[in-house]
**Q** 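Submitted below is the structure of interest, expressed as structure tokens.
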Amino acid sequence: MWFTIVLLGLLPQLTLSVRCTSGCVCDIRGLAKCTGDSITDIPPLDPTTTFLLMLNNTNIKILKNRSFQPFSLLLRLMITNSTLDTIQPEAFHGASQLLSIKLSSNSLSVFPLRVFSEQSELQQLQLDGNQIASVSSQLFETTVNLTELNLSKNRISQLDADVFQHLTKLNHLYLADNQLRNLPGSLFHNLRQLKSLVLSSNQLETLESGSFDHLSNLLVLMLQKNKIRKIPPRLFWHLPSLITLTMSSNQLRYLPAESFYYLFNLTKLTLYKNPLLTLPDQLMGHMPRLQELYLYETNLSTVPWNLFANMTNLRFLNLHFNTRLTSLPKNLFCCLPKLKKLSLKNNNLRELDQELFSNLISLQILMLNENKLESLPSAIFRNTSKLELLDLNHNHLRYLPGDVFVHARALKDLFLSNNKWNCDCSILGIAEWIRENLKLISDLDKGVTCYEPYQLKNHQLQSLTYKQLRCGVFQTTFMTTSAITTGAPLTPTPATSTTSIRTSTAATGTFTTPASLLSPTPDHIYVKRTNDPVFYDTIVLDNGPEIVHNNRYNGWVYLWTVPSTGPYSGFMMALYIVLLVTGVVLIVASLYALYRLHKVVWVLGNVTMGDNLKARRVRSFKVKL
Ligand SMILES: *[C@@H]1O[C@H](CO)[C@@H](O)[C@H](O)[C@H]1NC(C)=O
Ligand SMILES: *[C@@H]1O[C@H](CO)[C@@H](O)[C@H](O)[C@H]1NC(C)=O
Ligand SMILES: *[C@@H]1O[C@H](CO)[C@@H](O)[C@H](O)[C@H]1NC(C)=O
Ligand SMILES: *[C@@H]1O[C@H](CO)[C@@H](O)[C@H](O)[C@H]1NC(C)=O
Ligand SMILES: *[C@@H]1O[C@H](CO)[C@@H](O)[C@H](O)[C@H]1NC(C)=O
Ligand SMILES: *[C@@H]1O[C@H](CO)[C@@H](O)[C@H](O)[C@H]1NC(C)=O
Ligand SMILES: *[C@@H]1O[C@H](CO)[C@@H](O)[C@H](O)[C@H]1NC(C)=O
Ligand SMILES: *[C@@H]1O[C@H](CO)[C@@H](O)[C@H](O)[C@H]1NC(C)=O
Ligand SMILES: *[C@@H]1O[C@H](CO)[C@@H](O)[C@H](O)[C@H]1NC(C)=O
């Protein structure tokens, strides 16, 4: 039983192995693989069974005239990672059926001009990883069926304008890792079928205008890792099919306006590692398919507000490591409803507008770490209900509003360590939130701790007590109308304790009352806590102004106060007296009316029991009334 299984296992190998020369492995499909230092020339294989010849890691130094003439069936030839340095002028003659020639990773430096003159069927030519310094147009004169040409990893420093002129069927051209300094403007003009053009890792400093104008089928254009200082306007305007454009790691400081217009199919754009100083107001055209944008390690200090306005499909945006980026326009992310990940880490951001993220309704990951943020507006995450990960570590956070994360209901990972928490009364709200949501904080062990005051330094936020914060008594001034939220901190900016309490927009009146409008002898409200465990459940007015009204609505406590010496107090007092007098008059009047009514009812009662005479008496009584 078991040996039949073994036999069945061996069967495919038996049928596939074919008689072969030493150093080679051949299979029934016509593939011959030869490796080893002992191989110094094309091995004497059976020409009637070899369709594909792979020679790897061999010692072949020279390809002699008509080396492949006997192999009349050979379609694909590979001589890779060998010591090949010489090709005789007629090496490939007599093998016009060849479809691909791969001579990668050898030591080839010069090619006889007419070495491929019989290769009109050739589709694939890979010459990458050699020492080629120049190529002549004659080399490709007859290889008109070529679709793929790889010249990467060579030493080419310049190319003649006509070198590729016959390659009208070329789909893929790889010129990466060479020493090209410039390119003739018409170099690619005949390559109308080109789908990918890779020019990365060269020494290119400029590109001539019109260079890519005829490449209407181009899908991929790679220009990264060059020294491009500037690009001409409209360079990419005639690439309607382009899907990927990479321009990272260059020397671009400026980009011409409207550079990326008419790239309707672009899905990926990289611009990172360029010393960009500013971007033009109109840069990005309509890009409904763009999904990834990389714009980091630049010298930008800000960006135009509409930079991303035309990219409604963007999923990933990396705008980080821009060490000079200090501010972002508030509408910058206005039109990115599908953005999932936004990285703003390692910038120099100091503050963020409360509307900044208000349209990022799909955002899941937000990196804000390693900036200089001191606080965040309480409404900043109002509309990011899908946010799962938020990194705020290594900022200068001194304070956060207690309700800042309330709307980020999907939050799972929050990083808050290494900030400059100022543990005074204003920290209460967020400290309370942290205590209630400890499992969301992913870096508690790295220290979410007070930075100041000195006596609380390194104290963990979540274990702060009311007493430690010395919140017993503090002062705040009211002008006309103020409100205190039960969830938000009482003084958002501790330094401005003499201005009004910042409050909910639901309350009436002005909250950012300029200091000049405040009454000269401001009234104080002393808000005192009664018991430690719950922070904002009770507000006791110890020594308030004369007229105080408080009310609770939706978890907010509203306080209406009027300063005792202010211009309103006289008026209010007069109003109060008028109301009081009116009240007393009304009460007296209604008592009198009740008395009269009682009398009438009594008389009517007598009428129902008595005769007509009595009734007549009542009528006369009524007249008297
Ligand atoms: C050549 O052999 C090396 C191992 O030495 C292998 O990594 C490589 O893929 C081979 N190349 C080809 C083209 O088969
Ligand atoms: C290239 O060949 C050398 C020697 O034959 C071998 O040591 C090396 O691993 C090969 N490298 C690759 C990438 O095939
Ligand atoms: C190879 O062919 C060229 C002509 O195409 C000739 O000049 C040369 O001598 C030949 N080399 C050998 C070794 O036959
Ligand atoms: C090129 O390829 C086409 C089909 O792809 C074929 O018909 C033609 O014979 C080939 N050779 C030349 C020289 O065009
Ligand atoms: C072209 O050559 C480079 C360098 O050897 C290589 O990395 C790349 O994969 C090649 N491209 C193709 C399509 O074979
Ligand atoms: C853009 O892509 C779509 C779908 O991939 C394709 O149908 C369309 O032809 C492309 N547009 C251009 C101008 O290539
Ligand atoms: C969006 O692209 C169109 C052209 O495609 C352009 O007219 C418009 O100014 C662009 N909008 C922004 C905000 O850049
Ligand atoms: C860009 O910034 C880097 C480091 O911040 C600096 O070395 C470089 O000179 C700046 N480049 C320009 C063009 O300002
Ligand atoms: C936030 O979302 C609400 C509805 O969810 C919407 O009405 C409001 O316009 C959004 N805010 C902004 C600034 O877009």
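First listed ligand is number 1; within each ligand, the first listed atom is number 1. In this text, all values refer to a predicted model and were calculated from it rather than measured experimentally.
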**Q** Considering only residues two or more places apart or on different chains, which pairs with a residue in residues 228-241 satisfy side-chain hydrogen bond (donor to acceptor under 3.5 Å, both in side chains)?
**A**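 Matches after skipping sequence neighbours: Glu205-Arg229.
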
**Q** Is it the case that ligand 8 has an N or O less than 3.5 angstrom from some N or O of Arg253?
**A**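 No; the residue has no nitrogen or oxygen that sits under 3.5 Å from a nitrogen or oxygen of the ligand.
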
**Q** Which protein residues have a heavy atom closer than 4.0 Å to any atom of ligand 7, listed by chain and number?
**A**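 Lining ligand 7: Tyr261, Gln282, Met284, Gly285, His286, Asn306, Ala309, Asn310.
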
**Q** Side chains of Ile231 and Met247, heavy atoms from C-beta outward: is any pair under 4.5 Å?
**A**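 Heavy-atom side-chain distance check passes, below 4.5 Å.
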
**Q** With ring centroids as reference points, do Phe92 and Phe116 lie under 6.0 angstrom apart?
**A**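 Centroid separation for Phe92 and Phe116: below 6.0 Å.
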
**Q** If a pair satisfies side-chain hydrogen bond (donor to acceptor under 3.5 Å, both in side chains) and one of its residues is in residues 280-293, list it, with sequence neighbours excluded.
**A**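 side-chain hydrogen bond (donor to acceptor under 3.5 Å, both in side chains) check on residues 280-293 returns Tyr261-Gln282, Asn265-Arg289, Glu292-Tyr294.
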
**Q** Using a strict cut-off of 4.0 Å, indicate which atoms of ligand 8 neighbour a heavy atom of Leu277.
**A** 14 (O)

**Q** Within the 4.0 Å heavy-atom shell around Pro240, which atoms of ligand 6 are there?
**A** 12 (C), 13 (C)

**Q** Is ligand 8 less than 4.0 angstrom away from at least one heavy atom of Thr298?
**A**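 False for this residue.
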
**Q** Kindly assign one of parallel, tilted or perpendicular to the pair Phe264 and Tyr262, based on the angle between their ring planes and the thresholds 30° and 60°.
**A**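 Perpendicular: the ring planes of Phe264 and Tyr262 meet at over 60°.
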
**Q** Do Phe260 and Leu271 touch side chain to side chain, with heavy atoms closer than 4.5 Å?
**A** yes

**Q** Would you confirm whether the ring centroid of His320 sits within less than 6.0 angstrom of the ring centroid of Tyr296?
**A**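 They qualify: ring centres under 6.0 Å apart.
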
**Q** Does any pair with a residue in residues 185-211 pass ring pair (Phe, Tyr, Trp, His ring centres under 6.0 Å), and if so which ones, sequence neighbours excluded?
**A** His189-His214

